[in-house]
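Scroll down for the structure; my scribbles are underneath it.
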Amino acid sequence: LIVNETEEVKQTEPRHLNAVLGTFDQLWSPRIVTQVNDYDVRVAKVSGEYVWHSHEDTDEFFMVLNGELTIGLRDDAGERIVVLSEGDVFTVPKGMQHRPMSVGGASILMFERSGTMTTGDYAGDIPSHIDATMGHKIS
Ligand code: NI
């Protein structure tokens, strides 16, 4: 693991995603597995409802590693949901309001630009079950 003053987090050795997922239990608290150019590859464990938010400057890529993730989407055309099962991928376009949720719990992988706050433009109080973060380094 290389960490420099710009908080770059590139792996020099292979890591198994399941091993990374085994290093933490906190929900809605992404770990940065590695980086690709200026994008983080993050994994997170999720359960329950997130908050509605959008990311002004970046798309957000989701892949479900296990469990099921539902993402609410809201734009000028209205509101809809997408349901993602294990192996499904989906990209939320930049600027689109979205709210991930999982009734039974899920582990997910995300690509998002380094420095992106998980809660995006959300301006309300952060519920206690959510970690507002730019991602944590893995141990
Ligand atoms: Ni988001």
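Order of listing sets the numbers, starting from 1, for every ligand and every atom in it. Keep in mind that this is a model prediction, so the values were computed, not measured.
- For L27, the side chain to side chain contact (heavy atoms under 4.5 Å, CB included) criterion is met by K45, S47, not counting sequence neighbours.
- Not counting sequence neighbours, the partners of A106 by the side chain to side chain contact (heavy atoms under 4.5 Å, CB included) test are V46, S102, I108.
- The closest side-chain heavy-atom distance from E68 to L84 is not below 4.5 Å.
- Here 4 is the count of protein N, O or S atoms positioned under 2.8 Å from the Ni ion (ligand 1), waters not counted.
- Side-chain polar atoms of T58 and Y39 form a donor-acceptor pair below 3.5 angstrom.
- Annotation: side chain to side chain contact (heavy atoms under 4.5 Å, CB included) contacts of S114 (sequence neighbours excluded): Q35, D40.
- Geometric assessment of R31 against the ring of F24 yields a positive cation-pi assignment under the 6.0 Å and 45° thresholds.
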